[in-house]
Number of protein chains: 2
Amino acid sequence: MTPEWIAADCTADHLRLWAMGSEGIFARAEAPVGADPLATLHALAAPWLTEGRQIEVIASGLAPVTALRIVPCTPVATAVPVPSDDSSLSLRLVPGLRQDRPADLTQGAEVRIAGALRVLGDFDGVICLPGLTTVWAHLSAGEVVSFQSFATGSLLAALTGDIAGPLETAAFTESLATTRARPERLAAQIASLRAESLLSGLSATTLRSRATGLFIGAELTAARPYWLGQRVVLAGEGSEPYRLALAAEGVQAETLPEEACILAGLALLHTAG
Amino acid sequence: MTPEWIAADCTADHLRLWAMGSEGIFARAEAPVGADPLATLHALAAPWLTEGRQIEVIASGLAPVTALRIVPCTPVATAVPVPSDDSSLSLRLVPGLRQDRPADLTQGAEVRIAGALRVLGDFDGVICLPGLTTVWAHLSAGEVVSFQSFATGSLLAALTGDIAGPLETAAFTESLATTRARPERLAAQIASLRAESLLSGLSATTLRSRATGLFIGAELTAARPYWLGQRVVLAGEGSEPYRLALAAEGVQAETLPEEACILAGLALLHTAG
C-alpha cells in the first residue's frame, strides 16, 4: 500500500517518519539521525515508495537556518522544496522560527505549535514543548509572539544519562522547591546529589527524579513570564514533570500528545501544497 | 633507576603517576582511568619497578567511599594499605573527606588541599580547586572546616566538549556578568548561546569563553560565602577563568600549580609512612 503522503520529523537524536493514508497513520519508521539526515530519511521512506509515482514528504527539523522566519509570525507558512534526482518522492522542509533578542531559534517546535493550535482551535496563551531543548512560546491571534528555549533536557541527559522513565513524585517535588527558591544553587545541588548517590547508593529512579526536579525548578524561575497568569498547554513525551511543577505553582496545564501535534502541523503544509 | 617512591593521582578521567627520587620528579606517566584503575596503576608503574625491592605507592582519588573522613578534620591523616600479591610495590590509598550537610565528598581534593597548606605555610582562608568537579574549601587552623563541590566543569564539558583552551576575555567577562546578576537564567542563556552559534557561526573559542562565563557566573553567586571577604587560593589547571571572575568581584586570588600541590600532599603521607 502506497501512502498518500509521508510526514517526517527530525530532532537532535531521532528521525521519525509516518506513512499517511486516507484513514490516517498506517505505518511508522524511526532511526537515529546519523551523519546525513536526508540519506536516513530516504532509506526509511524507501519501503513505502512505488516506481512511477511521486509521494510528497513534509519534514520538520531539517530546514537550513538560512530559511528561518522571524517572529512575530504564524508558526508555519510554506515548506521549502528540496531538489532531488529521486523521482519517487518530492521532499519539502518546514523552516523554523528565529528571534533576535534574546537570540533563539526553533527546529521542529514551529510544527508542533502549529499542530497544537489546530487541535486547540482559537487559542491565546503559552505552549510549552519539553524535550532535549524545551521551548516555551507565547501565542496570540494565531502568531508566535516570542519564545524561549532552555537547554534543561540536554544538561539533564549529560548528567544522568537519560531524561525519560518514571519519577518519584516526593523526591521530584522536594528538589523542585530547592531550586525554585535558590536557582543559583543548581550546580552545587547537582554536585551534592552526586555525592549523596555515591555515599548512600540512591536508585537510578531517585537520582533522576531529584535531578529533574532541580533542573526544572531553575527553569520555572527563569520562565516565569511564560506561565504566571497564563493558560499553558504542554505537548511532548517529557510533559509530566512540567505538569507537576506548574501544578505546584497553581497553574493547571493542559496536555496534548506530541505525535498528534506534529502530524496536525505537518498536514497543514501537505494540504496547502 | 628505581624511584624512592611513586606518587599517583586519579581523577574522573585520568590517572597520573610520578616516579620520585632524591632530587624530586624523575619520570611521569599518564593514562585514561579505564574500567580497572588499580590495574592501570600497576601497568603504568611496572617499568619503574625492580625485582627484589618493594616501592611505596601513595595514591589519591582511589580510596573507597567507606574510608572517607568526616569534616572538620585535617585534609589528610593516614593512607590505607591495599593487600596485594605483588611484592614489588606497596600501595596505600588516601581517603577523601565527607560532609553530611550539605552532602558532599572529595576524591583527590583533600591531597591538593594538604599540599597547598604545606606550600602556603600557616594559612586561614579558602582554597578553590577548579576541575570537572570544582571544590571550594574553608580552612582554619590546619583543618577543613567545610567544603562545597560544583558540577560546573562536568556541565560545561557536556555542552561544549572541552573545558580547557584559551579564553576571549571580553566574551568571558560579559557572559559572567549575565549569570552573576541572574543565575536562574543559566539554562536559557545556554540555549540562546547555542542558537546564536547556529545563526552567526561563533568560533569554538568564543563559544567556550561565553559558556564558561555563564557557568562560572552562576557558580560564583552560589559560592559567595566562600570568597566574599576571604583570602582565596586557586590550585589547578582550570584556575584562570576563576581568577578573572574573582578579580571582577574585587578578590585578588593567589594561584598555585596543581602538580606541586598534589605531590606535596602525597609526600606528607610518604614521609609519614
Side-chain angles (χ1 to χ4, degrees), chain A residues 64-66 68 96 98-107 132-136 147-159 178-202 211 215-224 226, chain B residues 64-66 68 96 98-107 132-136 147-159 178-202 211 215-224 226:
Chain A
V65 293
T66 49
L68 295 169
R98 169 180 182 155
Q99 181 177 270
D100 287 332
R101 288 180 63 85
D104 212 336
L105 58 83
T106 70
Q107 290 178 302
L132 281 177
T133 300
T134 294
V135 177
W136 297 77
F147 63 99
Q148 174 75 64
S149 303
F150 289 83
T152 300
S154 300
L155 292 167
L156 200 48
L159 285 175
T178 306
T179 48
R180 263 293 281 144
R182 303 274 318 265
E184 75 279 8
R185 290 188 54 76
L186 180 62
Q189 292 289 339
I190 291 291
S192 184
L193 179 56
R194 270 188 185 169
E196 205 176 321
S197 178
L198 283 167
L199 293 171
S200 335
L202 298 177
F215 276 103
I216 292 184
E219 177 174 335
L220 276 203
T221 300
R224 203 157 172 266
Y226 278 90
Chain B
V65 293
T66 49
L68 295 169
R98 167 178 183 156
Q99 181 176 270
D100 286 331
R101 290 179 62 85
D104 212 335
L105 57 84
T106 70
Q107 291 178 301
L132 283 176
T133 300
T134 293
V135 177
W136 296 77
F147 63 99
Q148 173 76 63
S149 303
F150 289 82
T152 300
S154 299
L155 291 168
L156 200 49
L159 283 175
T178 307
T179 48
R180 263 294 280 144
R182 304 273 317 266
E184 75 280 8
R185 290 189 54 77
L186 180 61
Q189 291 290 340
I190 290 292
S192 185
L193 179 57
R194 271 188 184 169
E196 206 177 320
S197 178
L198 282 167
L199 292 170
S200 334
L202 298 177
F215 276 103
I216 292 184
E219 177 173 335
L220 239 48
T221 300
R224 204 157 172 267
Y226 278 91

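This is a predicted model, so every value here is computed, not measured. Reminder, nothing fancy here: chain letters follow the sequence lines and each chain counts from 1.
Residues passing the side-chain contact (heavy atoms from CB on, under 4.5 Å) test with A:R182, sequence neighbours excluded: A:E184, A:R185. For B:S192, there are no side-chain hydrogen bond (donor to acceptor under 3.5 Å, both in side chains) partners, not counting sequence neighbours.
Heavy atoms closer than 4.5 Å to chain A are found nowhere in B:E219, neither backbone nor side chain. Contact of B:Q189 with chain A is not made at all, since no heavy-atom distance falls under 4.5 Å. Only the side chain of B:L68 comes within contact range of chain A, with heavy atoms under 4.5 Å apart. Both the backbone and the side chain of B:S149 have a heavy atom closer than 4.5 Å to some heavy atom of chain A.
Note: A:R98 leads A:Q107, A:R98, A:Q99 in heavy-atom pairs under 4.5 Å with chain B. In terms of heavy-atom pairs under 4.5 Å with chain A, the best-connected choice from B:V65, B:I190, B:T66, B:L198 is B:L198. In terms of heavy-atom pairs under 4.5 Å with chain A, the best-connected choice from B:L193, B:L199, B:T221, B:T133 is B:L199.
Pairing each heavy atom of B:A151 with each of A:A191, the nearest pair is N-CB, 3.8 Å. Across every non-hydrogen atom of B:L186 and B:A218, the tightest pair is CD2-CB, 4.3 Å.
At least one side-chain heavy atom of B:F150 sits under 4.5 Å from a side-chain heavy atom of B:W136.
B:R194 and A:S154 are linked by a side-chain donor-acceptor pair at a separation below 3.5 angstrom, with hydrogens and angles left out of the test.
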